[in-house]
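Inspection log for the structure reproduced underneath, given as structure tokens.
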Amino acid sequence: MQFITSQKSEYHQCQVFIAEDLSLLLLPTLFSKAISRTGVVWKRVTCDGENRFALTRYKEEEISDVTITILHNRLKHFFNWLIQYSQANSQVSIDRHHNIPEELLNHYINTVIIEEQGAGEHTVEQYLMALRDYYNYLAMTGFTNAKDIRVKPRLKSVIKRNTKRRTAVKYLTPELRSILYRNTEALFPKSIQRAKLLIIV
């Protein structure tokens with residue numbers, strides 16, 4: 001069930017995130033507006049500051065329109081999962097999603113996406129990218145603190161297995177190929193089939 005949807009706003013030139021009661025989700029919409037307007041996301045970089053204390057900076061990275069669409073879709077999936085999760089846990093809500101602990105974000109990636117949904121490498125990377133870019137934006141703009149979202153080392157082999165299972169080639173048997181060829185006019189139009197028969201005779 002879709003609790004959160006998104007619609008393209010021609011006026012704002014971005015995706016607007018809308019809850020089931022038609023209320024606006026402000027922070028995801030602000031993020032959508034920012035990435036659609038600038039065409040960049042903000043990556044967290046740690047470097048040495050004064051007196052060798054670690055300093056966090058945010059570096060711009062250009063993204064394509066396809067990536068923006070992926071970010072929207074993966075975030076929408078996350079928000080819908082979060083609403084379902086919050087029905088059994090009163091300490092979590094979509095209204096306070098910017099301040100949920102990073103342990104829950106990591107639970108979503110590791111338990112829900114990898115273990116329960118069996119996502120492969122490409123899909124996991126998309127979810128990691130979406131959550132990291134979104135929460136980096138929120139941290140950079142002061143809405144939350146930085147979140148460390150990552151795959152557990154023990155699950156890296158699980159992701160590889162999931163990837164192999166999803167990309168396994170399903171071969172057609174010679175008998176099935178023969179049946180398909182005999183019953184497919186698009187592959188050999190009747191005029192070509194007749195010409196082949198004449199040549200054979």
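These numbers were taken from a predicted model, which means no experiment stands behind them.
By the side-chain hydrogen bond (donor to acceptor under 3.5 Å, both in side chains) test, D65 pairs with no residue at all, sequence neighbours left out. Scanning for ring-ring contact (aromatic ring centres under 6.0 Å, His included) contacts around Y134 gives F31, F79, H97, with sequence neighbours left out. Judged as a side-chain contact (heavy atoms from CB on, under 4.5 Å), and not counting sequence neighbours, the contacts of E10 are K8, Q13. Y85 meets the ring-ring contact (aromatic ring centres under 6.0 Å, His included) test with W81; sequence neighbours excluded. With sequence neighbours excluded, the residues satisfying side-chain contact (heavy atoms from CB on, under 4.5 Å) with E125 are L128. Residues passing the side-chain hydrogen bond (donor to acceptor under 3.5 Å, both in side chains) test with H122, sequence neighbours excluded: Q126.
Here the side chains of R150 and R132 are in contact, with some heavy-atom distance below 4.5 Å. Taking the side chain as every heavy atom from C-beta outward, S86 and I94 never approach each other to under 4.5 Å. Within the 4.5 Å cutoff, the side chain of F78 has heavy atoms near those of the L105 side chain. Counting heavy atoms from C-beta outward, I100 and Y135 have side chains that approach closer than 4.5 Å. Contact of the H72 side chain with the I35 side chain is registered, since non-hydrogen atoms from C-beta on lie closer than 4.5 Å. At a threshold of 4.5 Å between non-hydrogen side-chain atoms, the residues V124 and I114 count as touching. Within the 4.5 Å cutoff, side-chain heavy atoms of L75 are placed close to those of L131. Side-chain contact between M129 and V41 is absent, with no heavy-atom pair separated by less than 4.5 Å.
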Could you walk me through whether N162 and T123 pass side chain to side chain contact (heavy atoms under 4.5 Å, CB included), step by step? CA-CA 10 Å; N162 291 345; T123 305; over 6 Å; no
Residues N145, K147; criterion side chain to side chain contact (heavy atoms under 4.5 Å, CB included); working and verdict: CA-CA 6 Å; N145 55 337; K147 312 284 186 189; 3.2 Å; yes
Let me see the working for H77 and Q117 under side chain to side chain contact (heavy atoms under 4.5 Å, CB included), right down to the final yes or no. CA-CA 12 Å; H77 184 277; Q117 296 185 6; 3.5 Å; yes
R44 and Y58: side chain to side chain contact (heavy atoms under 4.5 Å, CB included), yes or no, with the steps? CA-CA 5 Å; R44 188 158 48 106; Y58 293 92; 3.7 Å; yes
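A distance of 9.5 Å separates OG1 in T29 from CD in Q15, rounded to the nearest 0.5 Å. Separating the CZ atom in R96 from the NE2 atom in H98 is a distance of 9.0 Å, to the nearest 0.5 Å. Here I63 contributes atom CD1 and I70 contributes atom CD1; the two are 9.5 Å apart, rounded to the nearest 0.5 Å. Atom-to-atom distance recorded for L30:CG and Y137:OH is 5.0 Å, nearest 0.5 angstrom. Note that CG of L27 and OG1 of T144 are 9.5 Å apart. Values are rounded to the nearest 0.5 Å. Within the model, atoms CG of N99 and CG of L104 stand 12.5 Å from one another, a figure rounded to the nearest 0.5 Å.
At distances below 3.5 Å, at least one donor-acceptor pair connects side-chain atoms of N106 with backbone N or O atoms of D148. Between the T141 side chain and the L138 main chain, a donor and an acceptor come within less than 3.5 Å of each other. Checking side-chain atoms of S23 against main-chain N and O of A19 turns up no donor-acceptor pair under 3.5 Å. Side-chain N or O atoms of T163 include one that pairs as donor or acceptor with a backbone N or O of E121 at under 3.5 Å.
One hydrophobic cluster holds both L22 and F17 under the rule that ILVMFWY side chains link at heavy-atom gaps under 4.5 Å. Residues L24 and I83 share a hydrophobic cluster, clusters being chains of Ile/Leu/Val/Met/Phe/Trp/Tyr side chains in contact below 4.5 Å.
Of all heavy-atom pairs between Q84 and F3, the closest is CG-CE1, 3.4 Å. Minimum interatomic distance between N110 and K152 (heavy atoms only, all atoms of both residues): OD1-N, 2.8 Å.
Around the CD atom of Q91, the shell of radius 6.0 Å holds no more than 12 heavy atoms that belong to other residues, nucleotides or ligands. Around atom NZ of K59, no more than 12 heavy atoms belonging to other residues, nucleotides or ligands sit under 6.0 Å away.
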